[in-house]
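In each ligand, atom 1 is the first atom listed, and ligand 1 is the first ligand listed. For the single chain, residues carry numbers from 1 onward in sequence order. What you see below is based on every heavy atom in this structure, not just the backbone, and it leaves out hydrogens, waters and symmetry mates.
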Amino acid sequence: MPTVADLIDRLESEAAAAANPETTPDVGIIMGSDSDLPVMDGAHEALSELGFTEQTDFASPPDARFTYESYVVSAHRTPELMYAYAETAADRGLDVVIAGAGGKSADLPNMTASIAYPIPVIGVPVQEKSVDSVIGMPTGAPIVAVDAGKSFNAGLSAAQILAREHETIRDRLNAYHEDLKGDVAAVSADLHDLGVDGFREKRER
Ligand code: RP5
C-alpha cells in the first residue's frame, strides 16, 4: 500500500521527468476526502462530455489529447501531500487545478491556489458551509471558485481556461453551448404548444 511519502516521491519524479506536455494530464482534480467524490464527480462529467479522458498513469497516457487526473489530497491530514501536489503542478504539465473540499474549514482549494500560483485553481466548496472558507482569499492571493457543489461548472471553467490555447476545446465548448440552447428551445416550444397540462403529461410519460 503506498504511503504519503511514496505519493510525494511519485509526484516529484513525474515533475522531474520533463514529459512532453501533450502527454501529461491537462487538468488536475483534487479533493479533501473520497467522501467528496459524489460532489466532485460533476467535474469529471463535464470534462468527459467535452471529450477529456482520465489519465491514471503519468508514464502511459491514453490516446486522447486532453486528459484529467484525480487524487485525494487532504489539507489537514496530509499537508505535505497538498504542498507537493501544488508545488509540482506546473512541472507535471497541469494547466489548471480543480480543488474541492467540504466542512467549515475547507482549506485545500485556497492553500493549493497559493502554492500552485500562477497555475489557476478553481475551488469547489463541497458543502454550503464551505463557501466562505473557499472564496475568502486576501488581496493578491487569487482563486476562482464556483458555488457550493457546482463541480460541473468547475469542469467547464477549466475547459474555458484551456480553450484560450486550444481551438479544439473552444469548438467543443461552443457545441456544448449550442446543445444547451437547443434543449431550452425544445422545452420552451413544448411548454407553449402542448400547454401546461400536456407538457406535464409528456414529462411524466
Ligand atoms: C474535508 O472534510 C473533506 O473535504 C470532506 O469534505 C470533509 C470530511 O472528510 P471525511 O471525514 O469524510 O474524510 O476536509
Q) Can you list every ring-ring contact (aromatic ring centres under 6.0 Å, His included) pair that touches residues 15-56, not counting sequence neighbours? A)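 Checked against ring-ring contact (aromatic ring centres under 6.0 Å, His included) - neighbours excluded - the pairs reaching residues 15-56 are His44-Tyr68, Phe52-Phe66.
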Q. Can you find an N or O of Gly100 that's nearer than 3.5 Å to an N or O of ligand 1?
A.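 No, there is no polar N/O contact under 3.5 Å.
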(Q) Using a plain distance cutoff, I'd like to know if Arg77 has any nitrogen or oxygen under 3.5 Å from a nitrogen or oxygen of ligand 1. (A)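 N/O-N/O distance below 3.5 Å exists for this pair.
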Q) Counting from 1, what ligand 1 atoms have a heavy atom of Ala101 closer than 4.0 Å? A) 4 (O)
Q) Of the protein's non-hydrogen atoms, which lies at the shortest distance from atom 10 (P) of ligand 1, and what is that distance? A) Ser33 OG, 3.4 Å
Q. To which protein heavy atom is atom 5 (C) of ligand 1 closest, and what is the distance rounded to 0.1 Å?
A. Asp36 OD1, 3.2 Å
Q: Assess whether atom CZ of Phe199 is packed by more than 12 heavy atoms of other residues, nucleotides or ligands within 6.0 Å.
A: yes
Q: Name all residues meeting the ring pair (Phe, Tyr, Trp, His ring centres under 6.0 Å) criterion together with His177; count only those two or more places apart in sequence or in a different chain, and write none if there are none.
A: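 So His177 forms no ring pair (Phe, Tyr, Trp, His ring centres under 6.0 Å) with any residue.
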Q.
Can you tell whether the side chains of Asp132 and Lys104 come within less than 4.0 Å, N to carboxylate O?
A.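 Judged by the 4.0 Å cut-off on N to carboxylate O distance, Asp132 and Lys104 do not form a salt bridge.
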**Q.** same_hphob_cluster(Val97, Tyr117) at 4.5 Å side-chain heavy-atom cutoff
**A.**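 As far as the 4.5 Å side-chain criterion goes, Tyr117 and Val97 are not connected within one cluster.
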**Q.** Exercise: do Asp6 and Thr3 side chains pair donor with acceptor under 3.5 Å
**A.** yes
Q) Heavy-atom distance to atom 14 (O) of ligand 1: which of Pro109, Gly102, Ala106 wins? A) Gly102
**Q.** Side chain, backbone, both or neither: the part of Ser35 lying under 4.0 Å from ligand 1 by heavy atom
**A.** side chain
Q) Judged by non-hydrogen atoms, does Met31 sit under 4.0 Å from ligand 1? A)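 Contact absent.
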